[in-house]
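Worth saying up front: this structure is predicted, and the values here are computed from it rather than measured. Just follow the structure's listing: the first ligand is 1, and inside any ligand the first atom is 1.
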Amino acid sequence: MSDFEIRTLRTDEHRAASDLFRDTVHVRPATDAEWARSGLTYQPGGAIGAFDPELIGTARFFDAELTVPGGARVPMAGVTGVGVRADRTRRGVLRALMAAQLEEFAARGVVCANLLASEAGIYGRFGYGLATRIRTYTVDRARARLRPDAPVGGEIELLDADRAWERLPGVYDRIGRRPGTMSRPEVLWRLYEAQCRRREQPMKAVVHHGPDGLDGFATYFVEGMQAHPWTKSLEVPDLFAATPAAFAGLWRFLLGVDLVDRVVAEERPLDEPIELLLDDHRRLLENRIGDEHWIRLVDVPKALGAREYGPGEPVVVEVVDPQLPANNGTYRISPDGAERVDAPAALRLDVTTLGMLYLGFWRPSALAGVGRIEVRDPAAAVAADVLFGTRTVPWSGSHF
Ligand SMILES: CC(C)(COP(=O)(O)OP(=O)(O)OC[C@H]1O[C@@H](n2cnc3c(N)ncnc32)[C@H](O)[C@@H]1OP(=O)(O)O)[C@@H](O)C(=O)NCCC(=O)NCCS
């Protein structure tokens, strides 16, 4: 174990932290021109570093809000840029960075912290549970047709990249409200802009005008494929639609773009009805499931109190949180809400597992079935499925 100190980085240290992080994920440092953009994605005061005395590890966060089941929004920290120098790994640096972050989140009133993990084995031990999953699918553009009875109406407007960065934040604020989605602060839009401008192909964007105003948008790139320069793939990193008509309208447009053979929609919600929109669902060529957000409930009483619950019998659960003991305790969950109680628990689980079921993605009985929840009353696991279940599959749609 080497000695190191953890502290908040000054703004003039952000670039060194970025270089270090990029090196840990095997990416070259940002050029001056790239840093002019990506430096703006660092929230002042949001990055920490480990020093021994050189900078050997870093992590950062930005403030946002998470939409929870029922539609309320809670203060959230988006954790990213986590890396430890290759010659200083496995000696507790990440553990110390995570502890420092959690302490800060608790002090500043953050209710939950979210991240996307490079590897599945890292963050569970710090209380992060996998809370949403995604699929990336490919549509055979040349042969795919929308069903003749697919919703129609609305207008598509094409934007170039400059106009897109001005207009998309406002459109997103109106429509990005499914459980699991989050507000996108300016630092996040800056991050997307920096990533898109690094790409060789220009980004395009479309917005959908519905009967009540703007109700959808998509961004896309058309990539040439090296072996077959005329076989083009249209990639869609971002698509939000507030209504079925906006969803159909955006897909009608994307499938109509010329000189494209396949459309790849990235990191989509699992319940998105693309198969049902096509007249032949086998025009969906590839369907890959992946992990999306991991959630760490920092303030369990506030988190449980903020979301809504399904109908049925109340359930008392005991939550165990070794890192933030203020969360330890028993909570009564009912259709009317959640409250701390002094009563025997029917289910016992750690804060990581609570993060997994908080947004409604995993069923408590499934988590109990694999040993993640200790069941003292079998009926309680079934009741918890209904209480924690959600009508739509939770999804963030924001990658950072
Ligand atoms: C992942 C990374 C940050 C870990 O840093 P580290 O300083 O080596 O981690 P620590 O020594 O504090 O390890 C803490 C615990 O996590 C475990 N751990 C660390 N990295 C792990 C990994 N990649 N997979 C599984 N477990 C891991 C350690 O074994 C240790 O376990 P313990 O519970 O027995 O104590 C570092 O290896 C790294 O920078 N990797 C490349 C970049 C990356 O993937 N960053 C994460 C982006 S989301």
Side-chain angles (χ1 to χ4, degrees), residues 1-9 13-30 38 41-43 46-62 64 66 76-105 110 112-134 180 182 187-188 191-192 194-195 266-267 290-296 298 320-325 350-353 355-356 372 396-400:
M1 169 84 81
S2 64
D3 286 333
F4 51 84
E5 174 211 0
I6 307 274
R7 65 166 172 81
T8 300
L9 299 180
E13 294 171 314
H14 287 170
R15 187 162 185 181
S18 162
D19 289 351
L20 170 61
F21 166 67
R22 289 167 70 107
D23 193 55
T24 67
V25 290
H26 315 300
V27 174
R28 61 158 177 73
S38 55
T41 71
Y42 274 70
Q43 176 174 301
I48 52 176
F51 293 85
D52 82 344
E54 289 173 49
L55 182 65
I56 57 163
T58 184
R60 65 180 170 122
F61 75 91
F62 58 85
L66 176 75
M76 173 199 134
V79 173
T80 185
V82 178
V84 173
R85 211 169 81 181
D87 59 353
R88 297 293 196 280
T89 54
R90 308 303 179 268
R91 56 192 80 183
V93 177
L94 174 65
R95 186 170 282 285
L97 290 167
M98 290 280 112
Q101 266 197 339
L102 268 188
E103 198 179 315
E104 163 140 24
F105 294 162
V110 165
C112 71
N114 287 31
L115 56 76
L116 289 109
S118 60
E119 289 183 280
I122 303 174
Y123 293 102
R125 58 173 56 74
F126 306 121
Y128 286 85
L130 179 61
T132 60
R133 302 200 84 201
I134 41 178
M182 52 182 274
V187 285
L188 192 52
L191 178 70
Y192 294 161
Q195 288 169 344
E266 296 167 351
E267 306 192 355
D291 296 343
E292 200 196 26
H293 278 212
W294 298 65
I295 291 191
R296 203 309 170 188
V298 178
V320 180
D321 186 344
Q323 281 131 357
L324 293 175
D350 62 17
V351 72
T352 304
T353 307
M356 293 177 77
R372 296 200 68 125
S396 171
S398 292
H399 192 128
F400 49 86

Shortest protein contact, [atom] (heavy atom only):
| atom | answer |
| --- | --- |
| atom 1 (C) of ligand 1 | I122 CD1, 3.6 Å |
| atom 11 (O) of ligand 1 | G92 N, 2.9 Å |
| atom 12 (O) of ligand 1 | R95 N, 2.9 Å |

H293 and F400 aromatic centres sub-6.0 Å: yes

At under 4.0 Å between heavy atoms, which part of [X] makes contact with ligand 1: side chain, backbone, both or neither?
| X | answer |
| --- | --- |
| R125 | side chain |
| Y123 | side chain |
| L116 | backbone |

Residue selection (non-hydrogen contact nearest atom 39 (O) of ligand 1) among V84, V79, L97, T80: V84

Option with minimal heavy-atom separation from atom 47 (C) of ligand 1, where the choices are V82, V93, L94: V82

Ionic contact status for R88 with E54, cut-off 4.0 Å: no

Close-contact set for ligand 1 against [X] heavy atoms, below 4.0 Å:
| X | answer |
| --- | --- |
| E119 | 22 (C), 23 (N) |
| G121 | 25 (C), 26 (N) |
| R91 | 11 (O) |

Exercise check, heavy-atom protein proximity under 4.0 Å to atom 23 (N) of ligand 1: yes

Protein non-hydrogen atom below 4.0 angstrom of atom 8 (O) of ligand 1 present: yes

Residues that D321 engages under side-chain hydrogen bond (donor to acceptor under 3.5 Å, both in side chains), provided they are two or more places apart: R296, N327

Under the salt bridge (charged side-chain N to carboxylate O under 4.0 Å, His left out) test, residues paired with E103 that sit two or more places apart: none

